[in-house]
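This report concerns only the one structure given below.
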Protein chains: 2
Amino acid sequence: MAATIRDVALKAGVSISTVSRVLNDTCPVADDKRVRVESAAKELGYTPNPVARSLLSSETGGIGIILPFVSGEFFSEFLNGVDQAAQEQDFFLLISTSHHSSEDLKKAMASMYRRVDGLLVMAPHMTTQAVEALAPDGLPFVFVNTEVVSDDAFGVTFDNYGGMYAMTAHLVSKGHRRIAFITGTENAYDARERLRGHLQALKDNGIAPLDELIFKGNYDQRAGFEACNRVLRLEDRPTAVMASNDDSAIGVLSALRQAGLTIPDDMAVTGFDDVQSAQFATPPLSSVHVPVRQLGTAAIDLLVSRLNDVQRAPQMRTLPVELRIRGSSK
Amino acid sequence: MAATIRDVALKAGVSISTVSRVLNDTCPVADDKRVRVESAAKELGYTPNPVARSLLSSETGGIGIILPFVSGEFFSEFLNGVDQAAQEQDFFLLISTSHHSSEDLKKAMASMYRRVDGLLVMAPHMTTQAVEALAPDGLPFVFVNTEVVSDDAFGVTFDNYGGMYAMTAHLVSKGHRRIAFITGTENAYDARERLRGHLQALKDNGIAPLDELIFKGNYDQRAGFEACNRVLRLEDRPTAVMASNDDSAIGVLSALRQAGLTIPDDMAVTGFDDVQSAQFATPPLSSVHVPVRQLGTAAIDLLVSRLNDVQRAPQMRTLPVELRIRGSSK
DNA sequence: AAAAATCCTGAAAAGGTTTTCAGATATTAC
DNA sequence: GTAATATCTGAAAACCTTTTCAGGATTTTT
C-alpha cells in the first residue's frame, strides 16, 4: 500500500497537520521538524493523494476535451497544441471523441463532471448555446470552432469564411469563372462558413453561383475522390475544383490524375487547412493555412485564464488564416 | 452547489445509507422508501461525486494513455480505436503526449497516479522494463509498440519486422537489386524492427546490404523528401526507394516527381502503415497495411481484462500486417 | 516581573461517498 | 405465545487531505 500522510507523520513523530504544512509550505514550522518530515516523506516515497485533495478543494487540475471525431493530420496537430499548453500550465487532460448526437455529447460531459475543472468543446454541429444547455452547470467552457449565438461565450476559432473567400478570389483573379466546390461535413459550422465565403466571393466578383457546381463531401479523401469524379461528368467541365479541406483536395488530385488530366493546366485545385501533406502533394497544393497548433494552445490558455479568474470577461477569438498559393493553382 | 447524497436523504426522509443502497441497488429497501429516494434524486438532479467514490474504493474508472508524440493520420486512427473501446467499457481517458526523455515519461506517469486504474504506454524509445522501473508501483500497464524484454509484460504490437521483410521480398521479386531504404525515427523500436526486416530479406535473397543505401529519416514527409534527394545524388542510382512509413514515402514521391522521374518505371516506391493517404497518393502507394484502429481497441481490451482480473496471465499480442501492392511498385 | 504579542503545534472538522455493525421491526417456527 | 429468524434501517467508521481553532511555549514590550 502506498504511504499516506499519516505514515509520514508517524515516522517523523509529528502530527499530520505539521506534515501538510511542511509539504505545502503554508505555515512556518520549526526547522528540526521540517527536516524530519522531509526525510520521512522521501524515504516512504510519499505522494499526496490527488483524490483526497480534490474532494476537499473541489478542484481537480484537469481539463476535458470533447471532440466530434478525430481523423487525419488536423486533429493530431490540434491535440499537440492542446497537450503542450496543458502541460505548461500543469493541467492534465481528459479526452472524449466521436460525439455526433447531442445525446452522446451530454453523456460525455456528464462523465467528466467533477473530474475536470473546465471543458474544451469542439462541436461543429451545434451552437454554443445548445451545448451549454446540455452541460452540468458550473462547468466553465471554451469552444473551439463552434458557432456562437450568445454574446457571453468563450471561444477560439479561425477565419473559415475569410479564408475561402480569399482563395476563391485568387482563382477568379487567375481567370477561372466556372469553379466546382466540394463541401465539408454536412451541417458543420466550419463547412458552412467555408461555403459561404466561396459564394460571397463569387457574387462580389460578378459570378452567379450555380447549384450544379456544389458537390457534397465530408472532408475525407475518399469523399474528395468521389466528388471529383462527379465533377468530371459535368457536360461543361469547370476549370477549377475547390475542396473544403486538404484531405478532400488530395482525393481530388488522385481522381484528376486517374482521369489523365494535368494540374493545374487542365484543372486547378485548392484545399484548406494547409496540413503538411499539402506541401508534399503532387503538385504542391494551394491551401489556406490554418494555425492549427495555435488553435489548441490558444484554447487552453483561454480556459486556464478563465479558471484562474472567475471575473474574466468572455472572449471570442478568431485566428487569422493565410493564403498559400502553390503549384496546384498557378 | 450541486446536490449531495445528504440532500437526497433529507428530502426523501431517510438516512444516507438508504439512499446509497437504493442508488447502487446493493441491499433490499422497502418499496415506499425506494420510490421516495428515486424521485428525490431525480428532482435534485443528483449525481454521485466520483471523487468521493474513488477516495473510498481507490478505483477511478480511468485509463491513462501515454504517447511519445502525435502526428499524422496514424495517431488519429489509433486514438479513434482507443476511445471507442474505452467508451464501450465505460472508462474515461487521460492523455499525455510528447514524452521523449525518461524524465518526461516519469513525470507524466506520476501525474496520472491515482487518477487512473491503468496505463497504456507507447514508448518506442524504451523497453518495457525501463518504463516499469519509472512507474509508481501498483499501476498496471499495457504496452503498445514497445520493445519487450521481460516475459511478464502485457502488450500489443504488430509485425514490423515481417511487414518490411515481405515488402522487401516483393521488390526483389520484381527484379530490384539496388534498393534505398529510408529509416524511421532513430532508435525507435518499430523503426529498428522495420530496418531489420529489410536487411534480413535482402540477405535471404542473396543481396548484400550496403551502408550507402541506408538513409536516415524520422517518419515525416519532409524527412522523406530530403532523404530522397540524397538518394538521387548517388552515382549508381537505385531502382527502388523503401520508406519506413507512408508519410516519408509521400515525401519521396514528391521529391521524385520534382526530379522529373516517373514512378514506378524510373523508381519504385513503397511505404508502411497504409494510412488513407497511401491509397490516394499519385500513384497509389504500395504499403504494409497495419490495423491501427484495432491496435487501439486491442490494447484497451487487454488492459481492461487485466483490471478486471488481477490473476490475468501476461500476454504479448502481435497483430498481423498485410501487403498492399499498388501502382507505386508495380 | 507581568502583560502582551508572536510563533509553533496538534486536535478536530470537513469534503461525499460506501460499508460494516448493530439495532429495530416484522415474520416464521415451534 | 415465545423464541428464532429474516428483513430492513440508521449510526458511525473509513478513505486522505487541508484548514480552522485553540492551546502552549517562547519572545517581546511595558
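These numbers come from the heavy atoms of this one structure, side chains and all, not from hydrogens, waters or symmetry mates. So that the names make sense, note that chain A is the first sequence line, chain B the second, and so on, each numbered from 1.
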*asked:* Could you go through A:N80 and A:Q84, starting from their C-alpha distance and side-chain angles, then the distance that decides it, and tell me whether this counts as side chain to side chain donor-acceptor pair (under 3.5 Å)?
replied: CA-CA 6 Å; A:N80 243 306; A:Q84 189 203 323; over 6 Å; no
*Side chain of A:R114, base of C:dG16: donor and acceptor closer than 3.5 Å?*
no
*Apply the side-chain hydrogen bond (donor to acceptor under 3.5 Å, both in side chains) test between B:Q89 and each candidate in B:N308, B:T297, B:D301; give the one that qualifies.*
B:D301
Is a salt bridge present between [X] and [Y], judged by a nitrogen-to-oxygen distance below 4.0 Å?
X      : Y      : result
A:R36  : A:D31  : no
B:E59  : B:R53  : no
A:D117 : A:R306 : no

*Nearest-nucleotide comparison on DNA chain C, the residue closer to the 5′ end among B:N49 and B:C27*: B:N49
Separation of [N] [atom2] from [X] [atom1] (nearest whole Å):
X     : N      : atom1 : atom2 : value
B:E59 : C:dT17 : CD    : P     : 17 Å
B:I16 : C:dT18 : CD1   : C1'   : 9 Å
A:R53 : C:dA14 : CZ    : C1'   : 17 Å
B:L55 : C:dT18 : CG    : P     : 12 Å

*From the options C:dT9, C:dT17, C:dG10, select the nucleotide whose nearest atom is closest to the side chain of B:Y46.*
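Side chain of B:Y46 sits closest to C:dT17.
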Reported [atom1]-to-[atom2] distance for the pair [X] and [Y], which is rounded to 0.5 angstrom:
X      : Y      : atom1 : atom2 : value
B:Q129 : B:F143 : CD    : CZ    : 9.5 Å
A:L67  : A:M122 : CG    : CE    : 5.5 Å
B:I95  : B:I63  : CD1   : CD1   : 12.5 Å
A:H125 : A:S102 : NE2   : OG    : 12.0 Å

*Would you confirm whether the ring centroid of A:F69 sits within less than 6.0 angstrom of the ring centroid of A:F75?*
yes
*Just to confirm, is there a sub-4.0 Å distance from OP1 or OP2 of C:dT18 to any side-chain nitrogen or oxygen of B:N24?*
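For C:dT18, OP1/OP2 do have a side-chain N/O of B:N24 under 4.0 Å.
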*asked:* So which atom in A:P50 and which in B:Y113 form the shortest heavy-atom distance, rounded to 0.1 Å?
replied: CG-O, 3.7 Å
*asked:* Please give me every residue in residues 3-14 of chain B whose heavy atoms get under 4.0 Å of an atom in DNA chain C, ordered by residue number.
replied: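 Nucleic-acid contacts, sorted: B:T4, B:I5.
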*What are the 5'-most and 3'-most nucleotides of DNA chain D lying under 4.0 Å from any heavy atom of chain B?*
D:dC8 to D:dC16
Collect all protein-nucleotide pairs involving nucleotides 23-27 of chain C in which both atoms are nitrogen or oxygen and the distance is under 3.5 Å.
none

_Base, sugar-phosphate or nothing for A:T18? Non-hydrogen atoms, less than 4.0 Å._
sugar-phosphate
*asked:* Using a heavy-atom cut-off of 4.0 Å across all strands, would you classify A:V29 as base, sugar-phosphate, or nothing?
replied: sugar-phosphate
